[in-house]
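Numbering starts at 1 and runs along the sequence shown. Just so you know, these numbers come straight off a predicted model, no measurement behind them.
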Amino acid sequence: MSNHKGNNHQVKAKKFLGQHFLEDESIAQDIADSLTLNGYDNVLEIGPGMGVLTKYLLKKPITTYVIEIDTESVDYLKNNYLNLAPRIIEKDFLKYDLSQTFKEESFAIIGNFPYNISTQIVFKTLELRNQIPEFSGMFQKEVAQRICSKEGSKIYGILSVLTQAFYEAEYLFTVPPTVFNPPPKIESGVLRLTRKENYNLPCDEKLFFKVVKAAFQQRRKTMRNSLKTFDLSDNLKANVIFDKRPEQISVAQFLELTSLIENDK
C-alpha cells in the first residue's frame with residue numbers, strides 16, 4: 001500500500017482544535033433534522049470535519065456552506081463533496097466577517113461545535129442575530145443545559161439570560177461519548193435556538209449586557225450588592241427586585257430592571 005492520501009484518507013482529530021468526530025449516522029441525521037428551515041435559505045455549518053453532518057444538510061432544500069479552520073478537513077471535504085467545494089470557507093468562524101459570504105442575507109447556524117469555543121460561537125451569534133433566525137448544534141451537555149435553563153436553576157447564568165433575551169432555547173437530546181472519535185470525557189447535548197418574533201430589546205443593549213454580567217459575577221449576593229457600582233438612587237434600590245439573587249430573576253425581569261436603571265435619575 002502506498003501511503004499517499006487517497007480520497008478517503010481519514011482525518012485525524014486534533015486536540016488543539018477541540019475536535020471530536022461524530023461517527024453515528026442517525027445522530028448526525030437528527031442534528032440536521034433539528035433545523036426547521038423557516039426564515040432562511042442558507043445554512044452555515046461550523047467545523048464540519050469529515051462531513052458526517054454535512055452530507056445530511058446537502059440533501060435538504062437549502063444552500064449549505066461550511067466554515068473549517070483545519071486544512072486537512074478542508075482537503076477531505078473538497079475531495080469527497082465536490083459540489084460543496086465552492087462553499088467551503090477556510091477561516092476561523094470567530095474572526096471571519098460573515099458579510100463577505102452572506103452580505104445581508106439570513107442564514108442558520110449548525111454544527112458539532114468544538115467544546116473550547118462553543119460559548120464564543122453563541123456570543124457571536126447573538127451579535128449577528130439580525131441575520132440568524134435559527135441555530136442548532138451540539139455542545140458539552142452542561143453548556144447546552146445552561147443556555148436553556150430558566151431562573152431558579154443552579155446553572156442559570158449570563159449565557160442563559162443573554163441568549164434567551166433574543167432566542168427561544170430548547171434542549172433537544174443528549175448524546176453519549178461513545179459515538180465520537182476520540183470519545184470526549186463527558187456527555188454532549190443538542191439544542192435549538194429560534195429567534196423571537198420581537199427580538200429588539202425594550203432597553204439599552206449595552207447596559208443590559210453590563211447589568212447581567214455584573215449580577216452573575218457575584219451570584220451568591222443580592223442584586224443590591226452586586227450592582228453597587230451602578231450608583232443607583234435610594235428610591236430605585238428600594239425596589240423588591242434588589243432583594244433577590246440573580247438566579248431568581250427571569251429574563252423579562254432583567255430587561256425591566258435595565259429599563260429602570262436607564263431611567264434612574
Side-chain angles (χ1 to χ4, degrees), residues 39 93-99 102 104 106-109 113 117-135 139 142-171 191-265:
F93 172 77
L94 296 176
K95 294 179 184 156
Y96 180 63
D97 174 3
L98 288 156
S99 66
F102 296 107
E104 289 171 13
S106 290
F107 56 97
I109 281 183
F113 304 125
I117 60 164
S118 60
T119 52
Q120 292 160 279
I121 289 171
V122 175
F123 282 124
K124 180 157 178 178
T125 298
L126 298 183
E127 279 171 36
L128 297 171
R129 62 186 175 273
N130 289 342
Q131 282 183 272
I132 304 175
E134 193 166 65
F135 173 108
F139 292 81
E142 59 166 301
V143 176
Q145 287 175 320
R146 184 179 308 143
I147 292 168
C148 300
S149 69
K150 297 286 181 219
E151 72 277 10
S153 156
K154 286 258 182 291
I155 57 173
Y156 179 72
I158 294 173
L159 205 53
S160 333
V161 177
L162 298 184
T163 304
Q164 292 173 41
F166 307 106
Y167 290 87
E168 300 294 344
E170 292 168 272
Y171 186 92
L191 61 74
R192 176 173 56 223
L193 305 178
T194 310
R195 192 175 61 196
K196 293 180 171 179
E197 255 175 63
N198 180 9
Y199 57 93
N200 294 316
L201 299 188
C203 58
D204 179 79
E205 184 189 317
K206 280 201 174 76
L207 184 60
F208 172 66
F209 277 60
K210 254 189 197 154
V211 167
V212 174
K213 285 176 177 168
F216 282 102
Q217 263 157 5
Q218 307 182 2
R219 61 184 300 141
R220 296 280 159 263
K221 295 189 172 178
T222 64
M223 296 292 283
R224 192 169 287 111
N225 283 321
S226 53
L227 297 188
K228 265 194 177 133
T229 54
F230 284 74
D231 196 23
L232 305 172
S233 67
D234 290 342
N235 189 22
L236 179 54
K237 281 189 289 197
N239 188 311
V240 291
I241 200 163
F242 284 93
D243 298 330
K244 294 185 169 187
R245 294 199 313 278
E247 64 192 44
Q248 299 170 298
I249 298 175
S250 70
V251 174
Q253 287 172 314
F254 265 112
L255 291 166
E256 210 174 299
L257 175 62
T258 305
S259 295
L260 291 173
I261 291 173
E262 212 175 329
N263 299 315
D264 187 35
K265 296 289 176 269

Inset, instruction - Check P202 against S259 and note the closest heavy-atom contact, atom names and distance. - result: O-OG, 3.3 Å
Inset, instruction - Report yes if some heavy atom in the side chain of T194 is under 4.5 Å from a heavy atom in the side chain of E170; otherwise report no. - result: yes
Legend entry - Q131 (side chain) donor-acceptor with L128 (main chain) under 3.5 angstrom: no
Legend entry - From Q253 atom CD to T258 atom OG1, the distance as rounded to the nearest 0.5 Å: 11.5 Å
Inset, instruction - Hey, could you give me the CZ/CG distance between F135 and L191, rounded to the nearest 0.5 Å? - result: 6.5 Å
Inset, instruction - Report yes or no: does D264 contribute a side-chain atom to a donor-acceptor pair with the main-chain N or O of L232 at less than 3.5 Å? - result: no
Inset, instruction - Verify, without hydrogens or angle tests, whether E262 (side chain) and F208 (backbone) share a donor-acceptor contact under 3.5 angstrom. - result: no
Legend entry - Test item: side-chain donor near acceptor, D97 and S99, under 3.5 Å: yes
Legend entry - N-O pairing of E151 and R245 below 4.0 Å: no
Legend entry - Gap separating the CD1 atom of I261 from the CG atom of D231, nearest 0.5 angstrom: 11.5 Å
Legend entry - Any donor-acceptor pair under 3.5 Å from R195 side chain to R129 backbone: yes
Legend entry - Interatomic distance, Y199 atom OH to K196 atom NZ [nearest 0.5 angstrom]: 13.5 Å
Legend entry - R146 side-chain N/O to I158 backbone N/O, donor-acceptor pair under 3.5 Å: no
Inset, instruction - Report yes if some heavy atom in the side chain of L193 is under 4.5 Å from a heavy atom in the side chain of F166; otherwise report no. - result: no
Inset, instruction - Taking K221 for its side chain and L227 for its backbone only, find out whether a donor-acceptor pair lies under 3.5 Å. - result: no
Legend entry - Where S226 and A214 come nearest, the two heavy atoms and their spacing: CB-O, 3.8 Å
Legend entry - Y167 (side chain) donor-acceptor with R192 (main chain) under 3.5 angstrom: no
Inset, instruction - Take atom CG of N235 as the centre, draw a 6.0 Å sphere, and report whether it contains more than 12 heavy atoms from other residues, nucleotides or ligands. - result: no
Inset, instruction - Report the distance from atom OG of S250 to atom CD of E256, rounding to the nearest 0.5 Å. - result: 8.0 Å
Inset, instruction - Just do the ring pair (Phe, Tyr, Trp, His ring centres under 6.0 Å) check on F139 and F113 with the steps written out, would you? - result: CA-CA 6 Å; F139 292 81; F113 304 125; 5.1 Å; yes
Inset, instruction - Could you tell me which non-hydrogen atom of D243 sits nearest to which non-hydrogen atom of R224, and how far apart they are? - result: OD1-NH1, 2.7 Å
Legend entry - Validation row: V143, L159 side chains within 4.5 angstrom (heavy atoms): yes
Inset, instruction - Please examine the side chains of I147 and Y171, heavy atoms only from C-beta on, and report whether any two atoms are closer than 4.5 Å. - result: no
Inset, instruction - Determine whether M223 and P246 make a side-chain contact, defined as any pair of heavy atoms from C-beta on separated by less than 4.5 Å. - result: yes
Inset, instruction - Could you tell me if the ring centre of F254 sits under 6.0 Å from that of F216? - result: yes
Legend entry - K124 NZ: over 12 foreign heavy atoms closer than 6.0 Å: yes
Inset, instruction - Working to the nearest 0.5 Å, report the span between SG of C148 and CD of Q164. - result: 7.0 Å
Inset, instruction - Would you indicate whether the side-chain heavy atoms of L260 and I241 approach each other to under 4.5 Å? - result: no
Legend entry - Side-chain heavy-atom pair F93, I117 within 4.5 angstrom cut-off: no
Inset, instruction - Over all heavy atoms of both residues, which pair between Q218 and N225 is shortest? Give the atoms and the distance, please. - result: OE1-O, 4.4 Å
